[in-house]
Undergrad: 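One structure, as structure tokens, below. Some questions next.
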Amino acid sequence: MDTWAATVRLALTGPATQAAAPPLPEGMTLEHRDPAHGRATVRTTVQAQDLASAAAAAAGAVTAAVSNWPGTPTVVGAEVLRADEAAHLTAHPDPLDLVDDTGAAKMLGVARQRIAGLAATPSLGFPHHVSELTRGRAYTAASIAAFDDRWTRTQGRPTKARA
């Protein structure tokens with residue numbers, strides 16, 4: 001049997017998702033919890049013969065551990081790696097291709113100030129920033145490019161409603 005490291009992603013639904021999450025059992029770590037967007041990420045390790053068994057064991061263990069959380073947590077994805085590979089990636093992470101507000105504006109062909117307006121309009125689905133910096137926000141270049149692909153641009157100011 002091998003030791004596998006798993007990162008399990010959860011969708012949180014229901015009226016009580018804003019409440020605090022109860023603690024997880026020993027050996028599990030709450031990596032990220034965003035009740036406002038209904039998402040959480042839990043890390044754990046499992047013993048299994050192969051990748052498929054490890055994924056099933058990790059999803060089952062996390063599901064059991066979060067069954068007493070407020071709302072309804074549902075497993076929506078998992079990344080499972082042999083523990084030695086996970087340790088290597090932790091020690092040597094892949095570099096992120098990040099852009100700040102100015103870089104995002106250049107990619108979209110808009111003024112830097114327009115980025116704040118796009119980010120403040122929830123209906124547009126502008127990507128969430130990955131970090132808050134002293135001179136603005138940082139985004140992944142891939143998320144800005146994906147937004148650019150699906151964004152329907154409009155020209156000029158919207159027309160005023162007449163009474």
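All values below were derived from every heavy atom in this structure, side-chain atoms included, with hydrogens, water molecules and symmetry-related copies excluded.
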Undergrad: A side-chain contact here means heavy atoms from C-beta on lying under 4.5 Å apart; do L51 and V80 qualify?
TA: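 In short, these two side chains touch, coming nearer than 4.5 Å.
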Undergrad: Measure the spacing between CG of L12 and CG of L10 and express it to the nearest 0.5 Å.
TA: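 It is 6.0 Å, given to the nearest 0.5 Å.
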Undergrad: Looking at D50 and W4, what are the two nearest heavy atoms and their distance?
TA: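 Heavy-atom minimum between the residues: C-CZ2, 3.6 Å.
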Undergrad: Ignoring hydrogens, what is the shortest heavy-atom contact between W69 and A40? Give both atom names and the distance.
TA: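 That would be CZ3-CB, 4.0 Å.
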Undergrad: For the atom pair OG (S53) and CE (M1), what is the distance rounded to the nearest 0.5 Å?
TA: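 Answer rounded to 0.5 Å: 8.5 Å.
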Undergrad: May I ask you to say whether K106 pairs ionically with D101, meaning some side-chain N is under 4.0 Å from a carboxylate O?
TA: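 No salt bridge links K106 with D101.
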Undergrad: Mind listing the closest non-hydrogen atom pair of A65 and L24 along with its distance?
TA: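 Closest approach of A65 to L24, heavy atoms only: CB-CD2, 4.1 Å.
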Undergrad: Report the C-alpha separation of I144 and V99 in whole Å, then their side-chain angles, then the decisive distance to 0.1 Å, and conclude whether the side chain to side chain contact (heavy atoms under 4.5 Å, CB included) test is met.
TA: CA-CA 9 Å; I144 297 298; V99 294; 4.1 Å; yes
Undergrad: Using 0.5 Å steps for rounding, measure from the OG1 atom of T44 to the CG atom of L30.
TA: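 Between T44 OG1 and L30 CG, I get 12.5 Å after rounding to 0.5 Å.
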Undergrad: Are the side chains of R153 and L108 in touch, meaning some heavy atoms are under 4.5 Å apart?
TA: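 Result yes, sub-4.5 Å side-chain heavy-atom pair found.
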Undergrad: Could you check if a side-chain atom of V66 sits within less than 4.5 angstrom of a side-chain atom of N68, using non-hydrogen atoms only?
TA: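 When only atoms from C-beta onward are counted, N68 and V66 do not touch, as no gap falls below 4.5 Å.
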Undergrad: Report the C-alpha separation of W151 and L124 in whole Å, then their side-chain angles, then the decisive distance to 0.1 Å, and conclude whether the side chain to side chain contact (heavy atoms under 4.5 Å, CB included) test is met.
TA: CA-CA 7 Å; W151 181 34; L124 293 177; 4.2 Å; yes
Undergrad: Taking the side chain as everything from C-beta on, heavy atoms only, tell me whether H37 gets closer than 4.5 Å to H128.
TA: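 Answer yes - side chains close enough.
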Undergrad: Between CZ of R82 and OG1 of T3, what distance do you get to the nearest 0.5 Å?
TA: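 Atom-to-atom, R82:CZ and T3:OG1 are 10.5 Å apart.
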Undergrad: Quick one, V130 and T140 - any side-chain contact, counting heavy atoms below 4.5 Å?
TA: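 Counting from C-beta outward, V130 and T140 do come under 4.5 Å.
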Undergrad: About how many Å separate CD1 of I115 and CG of D100, when rounded to the nearest 0.5 Å?
TA: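 Those atoms lie 10.0 Å apart.
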Undergrad: Provide the closest heavy-atom pair for A5 versus T45 in the form atom of the first, atom of the second, distance.
TA: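 So the two residues come closest at CA-CG2, 4.2 Å.
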Undergrad: What residues, two or more places apart in sequence or in another chain, satisfy salt bridge (charged side-chain N to carboxylate O under 4.0 Å, His left out) together with E85?
TA: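 So E85 forms no salt bridge (charged side-chain N to carboxylate O under 4.0 Å, His left out) with any residue.
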Undergrad: Supply the atom-to-atom distance F126 CZ to T121 OG1, rounded to the nearest 0.5 angstrom.
TA: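 Separation between the atoms: 10.0 Å.
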Undergrad: What are the two closest heavy atoms between A11 and V76, and how far apart are they?
TA: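 Distance-wise, the nearest heavy atoms are CB-CG1, 3.6 Å.
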Undergrad: Answer whether the closest heavy-atom distance between the side chains of L81 and L89 falls below 4.5 Å.
TA: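 Contact flag for L81/L89 side chains = yes.
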Undergrad: For T7 and E31, what are the C-alpha separation, side-chain angles and deciding distance, and is it a side chain to side chain donor-acceptor pair (under 3.5 Å)?
TA: CA-CA 9 Å; T7 303; E31 185 72 19; over 6 Å; no
Undergrad: Of all heavy-atom pairs between M28 and V62, which one has the smallest distance, and what is that distance?
TA: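 Nearest heavy atoms, M28 then V62: CE-N, 3.9 Å.
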Undergrad: Does atom CZ of R135 have more than 12 heavy-atom neighbours, drawn from other residues, nucleotides or ligands, at distances under 6.0 Å?
TA: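 No.
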